[in-house]
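Notes to accompany the following structure.
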Amino acid sequence: MTRIDGHTYLIGLMAYPIRHSMSPTMHNTAFEELGLNYAYLAFDIDGDHLKDGVQAIRTLEMRGANISMPNKQNIIPHLDKLDISAKMNQAVNTVVNDNGVLTGYTTDGVGFVNDLKRKGHDVSGQKMVVVGAGGAGTPIATQSALDGLSEIKIFNRRDDRFANAQKIVDLINQETDCQASLHDLADDAAFKDALAWADIYCDATGVGMKPLEDQSLVNDPSWLKPDLVVYDTVYAPRQTKLMTIAKDAGVKNVYNGLGMMIEQGAAAFKLWTGQDMPIAAVEAAIN
Ligand code: NAD
């Protein structure tokens with residue numbers, strides 16, 4: 001790593017547990033590829049040490065940080081400003097330090113929208129069904145609405161996220177031109193009709209990932225029309241049960257969440273460096 005010297009900018013990943021993350025490989029590959037004098041390191045920071053972690057960004061004059069669980073909400077009071085993406089989701093996954101002023105962003109939603117764009121699908125004017133209103137579903141819904149989605153139907157089971165889903169629906173209706181509504185996932189008829197109505201279907205629940213890798217929320221292939229865009233936010237495994245059912249149903253455009261993961265990183269990378277992340281090199285490094 002000859003590029004690291006006395007002028008190197010530090011970027012940190014603050015979460016717990018975090019050692020499994022692909023983000024250090026992703027960003028350091030990109031810095032190396034572009035010859036940028038930055039280094040990206042992971043730090044085990046739990047809720048008890050978050051305040052000190054944020055202070056370290058200021059004291060060490062770090063360029064910024066990525067923030068993951070359990071810190072995404074708790075960091076908000078420690079920051080100076082929030083971008084609209086962080087305000088709408090009440091969560092932060094990226095911090096940018098501009099001469100001591102710390103601004104929080106959420107780039108997951110941009111990651112979803114940009115990944116779809118890269119694959120040839122613009123959310124603008126489209127109708128979408130999203131299942132799930134947690135850390136992934138919320139920014140996917142709000143960013144798609146901000147980027148011109150015409151209508152969104154959010155489905156959630158009646159668990160502790162249902163109330164959050166209602167908040168998101170209200171916020172989208174107040175703050176954007178997108179028309180949003182909330183539905184109970186237990187209502188099979190409504191779910192089936194919504195899939196027939198939608199242009200894009202996004203599963204943001206984690207069903208399809210361990211320990212639910214043998215499960216899908218849609219099990220009847222006839223519910224998935226061939227021209228529907230089917231997007232599963234899960235990327236481990238790369239091929240989920242939903243994706244298999246969709247492909248068997250003849251759906252042409254079926255995606256896992258790896259592209260969203262890379263694009264949320266690319267959006268953060270752009271905020272820190274002003275440069276476009278070299279996606280192909282990053283894909284090769286983490287695949
Ligand atoms: P979360 O716990 O915050 O939210 C999960 C949501 O799914 C909730 O709305 C919950 O009600 C719903 N849900 C959970 N289990 C369900 C089930 N069995 N049936 C129906 N609904 C269910 O989780 P999260 O952080 O939003 O993560 C969800 C998924 O998205 C995970 O698989 C995660 O790996 C993935 N994810 C991907 C990216 C990416 O960049 N691709 C980013 C973040 C999260």
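Start at 1 and go down the list; that is how both ligands and their atoms are numbered.
Considering only residues two or more places apart in sequence or on other chains, Ser150 meets the side-chain hydrogen bond (donor to acceptor under 3.5 Å, both in side chains) condition with none of them. For Arg161, there are no side-chain hydrogen bond (donor to acceptor under 3.5 Å, both in side chains) partners two or more places apart in sequence or in a different chain.
For ligand 1, the 4.0 Å heavy-atom shell takes in Gly132, Ala133, Gly134, Gly135, Ala136, Asn156, Arg157, Asp159, Arg161, Leu185, Ala204, Thr205, Gly206, Val207, Met209, Leu212, Leu217, Thr233, Val234, Tyr235, Gly257, Met260, Met261, ordered by chain and residue number.
Using a distance-only test at 3.5 Å, with no hydrogens or angles considered, a donor-acceptor pair links the side chain of Asp184 to the main chain of Ala186. A donor-acceptor pair under 3.5 Å is formed between the side chain of Thr8 and the backbone N or O of Asp5.
For His7, the NE2 atom sits in a loose shell: 12 or fewer heavy atoms of surrounding residues, nucleotides or ligands are nearer than 6.0 Å.
Side-chain contacts under 4.5 Å among hydrophobic residues (ILVMFWY), followed directly or transitively, place Leu171 together with Ile84, Met88, Leu146.
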